[in-house]
*Asks:* 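Could you have a look at this structure, given as C-alpha cells, before my questions?
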Amino acid sequence: LKSEPVLDINELKSLNLIDKIKEGSKISVLLEKIEDKNGDVIVSATKAQKIKGWYELEKAYEKNEPIMGKITSKCKGGVIVEHIETGSLMFCPGSQISDKPLKDISHLMNEPQKFALIKLDKIRGNACVSRRQIVSSSKKEDKAKIIEKYSVGQIVNGVVKATSSFGVFFEVESQIDCLCHIVEVSWSRVTDCSEIFNIGDSHKLKIISIDKEKQQIGVSVRALTPNPWNKAANYKEGEIHKVKILSCKDYGAFCEFIDAPGLNSLLHSSELSYTKKNLSAKKMFKVGQEINAKIIEINKEKQRIALSYKQTQENPWEVF
C-alpha cells in the first residue's frame, strides 16, 4: 500500500502480546481502511482476533458442542468468560453460573471449564454462555444411572429434605430427591405436612412410580400401612358410632372413627341441625372433640362415608 499501518500498542497489551512481539514477528490484523483522511492505513489486531474467535464460536454453536473458557471478571448481571482457544470474551448471566445459588464464585475464577453456547448475536458480536447447562446435563446422566437401580414396589429409606403445601421431599439413600405427594402421606386427611414431618427425620418409603423421561421417582408413606377402608366392612348404614373431629370446614367436618383409627368420614353442614340452616361446624365443634354420629351412606366405589349428627338427636318437627 502507499503507507505503512500503525498498530496501537494498547491493543498488543490487551492481547498480552506486548512481550512476545519483536521485529520480524508476524501478527494477524483486520484491514479496516486502506486510507483515512490523513492518508494512514487503519488496522486492528483485537478485531482480527475477535473475528477469528467468532468463527470458532459459530462452529461450536452449530454443532452444539461445549467450549472451554474461564471466568475472568464479574460484571453487572453476571460474569465475563474468556474463550481459552481464541481469547474471545463472552457473557455468562448470573442465573447460568450454577444450578444452585452461589454466594461466592471465587473458587470458579480463572479456572478452565466447559461452557455451553446459548446465544450468538453476529450483528453486535455478542456471545452468551451457560455453565449451568453443562452442570445440569452431567447431573442428568448421573441421575439416569441412579434411577435404573430402583423399581416400583421397592421399599427404601428416606430423609426429610423439605415440606411444601403439596407434599414432602425426601432424599433417598443419599442419592436422589423424591416427592411424596400429600395424598400419599397418610390415609387420614392431611392439610399441613410440616405438622407431621420434621426436616432430617428418617422414614421408610415405598416407591409407587418411576418416570424415566422426567427423571422423577414418586414415593408413598401410607402404602406401608394397611388401608383403614378395609375396616369399613364392619360398619353399616343406620348405625350410630363415636367419632373424633379431625378438622372443621365451611361445608362440614372431617371425622375419624374412634374404634377404627384412620377411617375418615364427612359430616356435612346440612346434617348438623334440624332447625338451623347454614350452620358452621367451626362454631359447633372443636378439633379433637368426640361426638356420636349416624352413618347415612357408605360409598364403596369412592371409599367415602357420610355421617349425620342431627339424626342422633330428637327431630323437633316430628315432635311438633
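Each residue takes its place number in the sequence, starting with 1.
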*Asks:* Is a side-chain donor or acceptor of T312 paired with a backbone partner of I240 at a separation under 3.5 angstrom?
*Replies:* no

*Asks:* Same cluster or not: L108 versus V79, using hydrophobic residues (I, L, V, M, F, W, Y) connected whenever any side-chain heavy atoms lie under 4.5 Å apart?
*Replies:* yes

*Asks:* Taking the side chain as C-beta and beyond, is there a heavy-atom pair between T72 and N110 under 4.5 Å?
*Replies:* yes

*Asks:* Report yes if some heavy atom in the side chain of K74 is under 4.5 Å from a heavy atom in the side chain of I105; otherwise report no.
*Replies:* yes

*Asks:* Is the number of heavy atoms from other residues, nucleotides or ligands within 6.0 Å of NZ (K242) greater than 12?
*Replies:* yes

*Asks:* Provide the closest heavy-atom pair for V81 versus I71 in the form atom of the first, atom of the second, distance.
*Replies:* CG2-CG1, 4.2 Å

*Asks:* Less than 4.5 Å apart, any side-chain heavy atom of V159 and any of F170?
*Replies:* no

*Asks:* For atom CG of N64, is the number of surrounding heavy atoms from other residues, nucleotides or ligands below 6.0 Å larger than 12?
*Replies:* no

*Asks:* Determine whether Y274 and N315 make a side-chain contact, defined as any pair of heavy atoms from C-beta on separated by less than 4.5 Å.
*Replies:* yes

*Asks:* Between R304 and E297, is there a donor-acceptor pair closer than 3.5 Å when you use the side chain of the first and the backbone of the second?
*Replies:* no

*Asks:* Run L307 and I296 through side-chain contact (heavy atoms from CB on, under 4.5 Å) and show every step you take.
*Replies:* CA-CA 6 Å; L307 301 176; I296 56 173; 5.8 Å; no

*Asks:* Has D8 got a side-chain atom pairing as donor or acceptor with N10's backbone, closer than 3.5 angstrom?
*Replies:* yes

*Asks:* Are more than 12 heavy atoms, taken from residues, nucleotides or ligands other than K244, located less than 6.0 Å from that residue's NZ atom?
*Replies:* no

*Asks:* Using the test ring-ring contact (aromatic ring centres under 6.0 Å, His included), find all partners of Y309 that sit at least two apart in sequence or belong to another chain.
*Replies:* F285

*Asks:* Atom CD1 of I217 and atom SG of C178: how far apart are they, to the nearest 0.5 Å?
*Replies:* 4.5 Å

*Asks:* Just by modelled atom types, is the L246 backbone N or O under 3.5 Å from a matching donor or acceptor in the E256 side chain?
*Replies:* no

*Asks:* Keeping the roles fixed (side chain from Q96, backbone from P93), state whether a donor-acceptor pair exists under 3.5 Å.
*Replies:* no

*Asks:* Could you measure the distance from the CG atom of L267 to the CG atom of L272? Nearest 0.5 Å is fine.
*Replies:* 5.0 Å

*Asks:* Examine L279 and I291 and state if one hydrophobic cluster contains both, with Ile, Leu, Val, Met, Phe, Trp and Tyr joined whenever side-chain heavy atoms are less than 4.5 Å apart.
*Replies:* yes

*Asks:* Tell me the closest heavy-atom pair linking P66 and I134, and the distance in Å.
*Replies:* CB-CD1, 3.8 Å

*Asks:* To the nearest 0.5 angstrom, please state how far the CD1 atom of I118 sits from the SG atom of C92.
*Replies:* 7.0 Å

*Asks:* Hey, are the side chains of N157 and K204 touching, using non-hydrogen atoms and a 4.5 Å cut-off?
*Replies:* yes

*Asks:* To check you understand the geometry: which heavy-atom pair defines the closest contact between E184 and S220, and what is its length?
*Replies:* OE1-OG, 2.7 Å

*Asks:* Write down the atom of L57, the atom of L120, and the distance for their closest heavy-atom approach.
*Replies:* O-CD1, 4.0 Å

*Asks:* I27, V41: one ILVMFWY side-chain cluster at the under-4.5 Å cut-off?
*Replies:* yes

*Asks:* If you round to the nearest 0.5 Å, how far is CD1 of I210 from CD of E148?
*Replies:* 8.5 Å

*Asks:* Where is the tightest heavy-atom contact between L7 and A45, given as atom of each residue plus distance?
*Replies:* CD1-N, 3.7 Å

*Asks:* Can you tell me if CD1 on I34 sees more than 12 non-hydrogen neighbours from other groups inside 6.0 Å?
*Replies:* no

*Asks:* State, to 0.1 Å, how close S247 and V287 come at their nearest heavy-atom pair, and which atoms those are.
*Replies:* CA-CG2, 4.2 Å

*Asks:* Only pairs at least two apart or in different chains count here, so list each salt bridge (charged side-chain N to carboxylate O under 4.0 Å, His left out) that has a residue in residues 260-273.
*Replies:* none

*Asks:* Taking atom CD of Q154 and atom CD1 of I207, what is their separation to the nearest 0.5 Å?
*Replies:* 4.5 Å

*Asks:* Give, for atom NE2 of H203 and atom CG of L224, the distance between the pair rounded to the nearest 0.5 Å.
*Replies:* 11.5 Å

*Asks:* Going hydrophobic residue to hydrophobic residue with side-chain gaps under 4.5 angstrom, can you get from V160 over to V183?
*Replies:* yes

*Asks:* Given 3.5 Å as the limit, does a donor-acceptor pair link the side chain of R131 with the main chain of I97, or not?
*Replies:* yes

*Asks:* Would a 4.5 Å heavy-atom cut-off, applied to side chains only, mark K114 and M68 as touching?
*Replies:* yes

*Asks:* Do P316 and T275 come close enough that some side-chain heavy atom pair is under 4.5 Å?
*Replies:* yes

*Asks:* Mind checking salt bridge (Lys or Arg N to Asp or Glu O under 4.0 Å) for D250 and listing every partner two or more places apart, or none if nothing turns up?
*Replies:* K282

*Asks:* Do the side chains of I295 and H241 get nearer than 4.5 Å, heavy atoms only?
*Replies:* yes

*Asks:* Is there a continuous path of hydrophobic side-chain contacts, each under 4.5 Å between heavy atoms, that joins F197 to V156?
*Replies:* yes

